[in-house]
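Before any comments, here is the structure.
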Protein chains: 2
Amino acid sequence: MSPALRRPSMGDVAARAGVSYQTVSRVLNEPGIVRPDTRDRVLTAISELGYTRNRAARALKTSRSSLIGVLTDDLSLFGPAETTTAIETAAREAGYSVVLTSMPHGPHSAHRIGAELLGSGVEGILVIAAHEGMTPAFSAVARSTPVVAVSAQPPHEAGVEVVGIDQGRGAHEVVEHLQRTGVRSIVHIAGPTDWFDARARRSGFTAALEELGLDGEVVGPGDWTPRSGYELTEAVLRSGLPEAIFAANDMIAIGVLHALHEHGLRVPEDVAVVGFDNTLGAEFLIPSLTTVAQPFAEVGRAALRHLVSLLEGEQPAPESPLTLAPRLVVRRSTRPERTH
Amino acid sequence: MSPALRRPSMGDVAARAGVSYQTVSRVLNEPGIVRPDTRDRVLTAISELGYTRNRAARALKTSRSSLIGVLTDDLSLFGPAETTTAIETAAREAGYSVVLTSMPHGPHSAHRIGAELLGSGVEGILVIAAHEGMTPAFSAVARSTPVVAVSAQPPHEAGVEVVGIDQGRGAHEVVEHLQRTGVRSIVHIAGPTDWFDARARRSGFTAALEELGLDGEVVGPGDWTPRSGYELTEAVLRSGLPEAIFAANDMIAIGVLHALHEHGLRVPEDVAVVGFDNTLGAEFLIPSLTTVAQPFAEVGRAALRHLVSLLEGEQPAPESPLTLAPRLVVRRSTRPERTH
DNA sequence: CGCTCGAATGGTAACGTTCACATCGCAGAG
DNA sequence: CTCTGCGATGTGAACGTTACCATTCGAGCG
């Protein structure tokens, strides 16, 4: 019962300020409605006591938890990490806290995880870097809670809204750039087939080849790791020397560069190499890597804005575009473009 | 009032099972105490209704939120990302959800962030990759909530417990290894001076030099980025050619390798290079990088266990060591050790 | 000067759960 | 056959907040 043991409640503040706890509540929720001098008394009492509202009681009464769930595949990947950070910052500014859940690899866990996240009382869920396996679970969850996915998947799967980066366009720009450097034939080392981003990059690649009349081939899939890039490059080299290799991400590209180096091949003189993501460090690989920078942070913020507008019942925020454009970053792993 | 609109409560389950809501509560909290057939009736009612307990009400009544706050500096760094993921998984298994907060860079924000995290109702806080600026804020917060830091800082700052990886030992092993490859003099490119990890690596380095009778020098500090490694290496080369460069982390090492390559220097023949972290990709740099692997996931799990035992009032889990050992990974960026 | 009205504030109930205690029924002992 | 005691279940209250309605007070008007 010692006052030091219990956190102060509205009642304590009210007693100190000589008002009822209802007035304290009003000061916090609609300050305009209470007379300035009363309000000041309450506010000083609040700061003297170091009072903060009890989130649980608030959540119980309003049935709003101010919690947003973020579900991500693999935080140690560059993109998800950046996006998560941006989401968290934006969420905090919008008055929400972020409950993080990382998706353990495994077939049927998606459903359980989704339910658990829901059970933790979140008002909405953001899914990052979604792949195939997640979709059914989240269509299910989406029936009880708004779900927004950050993904390259444009077709809206049942009830799940999508905010993403135009991966196909990124792939297209890569192919265009390579063509302008004189390349006629490109090998694409694809990412995992069940990842939406990987699929979009791959189909953007093949579409661009056709459109621009170039030759090419898709190998893989890799698993986003340098090792898979290394091994797939070894395989490619056994069947001949390609003019250019377009890796599905920078990690794969690191493995590609390593394998080419081991074979004594020069980049870009013998083989051009392009990555995807513009990972921290891509600029300082040997040679520095031509890649596609993705607005990871921006897409995170856009997704959060979208979710919040869903939660707060505004119109779906027409100003914020749901598909953002990536940006080609030309460095030294491709030859200079020919000015013709 | 339509039953579809409101989530079912204990009362609904109780009505369906023909018991009182208290019995439902007991089935959920101490199943052993209720008669098997009653329990089964309740359980079927629960699953038929898709009932889940209301977290807010539970938190209000028990004053336990099942929420743990994780505060991290920069999620796009390899270590924090790995540690965070491990914490989240372990927390979920222990019945907690993780509220993520990323620390915006800036001088005085630490205090506000700490208070906000506290305000979100977390029961305890884990601070990852702490640096100097965080300490005062978290000593303050630690008065109201258990705080465990994942850090290289052994001295317990007022009230904040520390779980960490022995950075000094890692640095020591690096120096020993270099000595065994015949190196007599080492340049260390240090990390930011206010980061505990960077400081511990640096002091481990100088201590090892002295102990082993080697020559050396500390340059920097860098800021963990490849660019800083690149620029500091340029500066080092202007004043002569070192035998070996020990970078404070792998990102800095990437910049070092790049700079050396530009100068036509061979690694490890002309200069040996060592990193720290064993980042994804370190194995496939050119040449593959000798570095120190840190048990990031393990330290995350250990920190979580420690925090949970603090929260649940058990004895401070004597079995779990609070300082873990890193592991030297020898690759091709250093010369082979001489067997003498 | 009495009445109406609105602004400011107070009181009561409820959100869904758990805790403490009360009750019930039944087995076993006297 | 009654009493004790314990296992199983029910009842009332409380956690701290917000929603809703009631009350008070003073200003402005006829």
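To find a chain, count down the sequence lines: A is the first, B the second, and so on, and within it residues start at 1. Bear in mind the structure is a predicted one, so any value in this text is a computation, not a measurement.
Rounding to the nearest 0.5 Å places CG of B:L117 at 8.5 Å from OG1 of B:T145. Between A:S66 atom OG and A:L311 atom CG the span is 10.0 Å, to the nearest 0.5 Å. To the nearest 0.5 Å, atom CZ of residue B:F78 and atom CG of residue A:L75 are 12.0 Å apart. Separating the OG1 atom in B:T83 from the CD1 atom in B:I128 is a distance of 5.5 Å, to the nearest 0.5 Å.
One atom, CZ of A:R55, and another, C1' of D:dC15, lie 18 Å apart when rounded to the nearest Å. A:E30 has its CD atom 11 Å from the P atom of D:dC20, to the nearest Å. For the pair A:N29 CG and C:dT9 P, the computed distance is 15 Å after rounding to whole Å. The distance from atom CE of A:M10 to atom P of C:dT12 is 18 Å, rounded to the nearest whole Å. Between the CG atom of A:L60 and the C1' atom of C:dT18 there is a distance of 12 Å, given to the nearest Å. When rounded to the nearest whole Å, the span between CD1 of B:I33 and P of C:dT18 equals 14 Å. Remark: C1' of D:dT9 and CG of B:D37 are 12 Å apart, rounded to the nearest angstrom. Distance NZ (B:K61) to P (D:dG12): 16 Å, rounded to an integer number of Å.
The side chain of A:T38 places an N or O atom within less than 4.0 Å of a non-bridging phosphate oxygen (OP1 or OP2) of C:dT9. Within the structure, every side-chain polar atom (N or O) of B:R58 is placed at least 4.0 Å from both OP1 and OP2 of C:dG16. Residue B:N54 places no side-chain N or O under 4.0 Å from the OP1 or OP2 atom of C:dC15. Residue A:R53 places at least one side-chain N or O closer than 4.0 Å to OP1 or OP2 of D:dT18. Contact annotation: B:Y21 does not reach the phosphate of D:dG12 (side-chain N/O to OP1 or OP2, under 4.0 Å). In terms of phosphate contacts, A:S20 brings no side-chain nitrogen or oxygen within less than 4.0 Å of OP1 or OP2 of C:dT9.
At a threshold of 4.0 angstrom between heavy atoms, the contacts of B:S63 with the nucleic acid are absent.
Judged purely by atom type and a 3.5 angstrom limit, A:T89 uses its side chain to pair as donor or acceptor with the backbone of A:T85.
When each of B:A57 and B:R26 is assigned the nucleotide of DNA chain C with its nearest heavy atom, B:A57 is the one assigned upstream, toward the 5' end. Comparing B:T23 and A:L28, the nucleotide of DNA chain D nearest to each residue sits closer to the 5' end for B:T23. Between B:T62 and B:Q22, the one whose closest nucleotide on DNA chain D sits nearer the 5' end is B:Q22.
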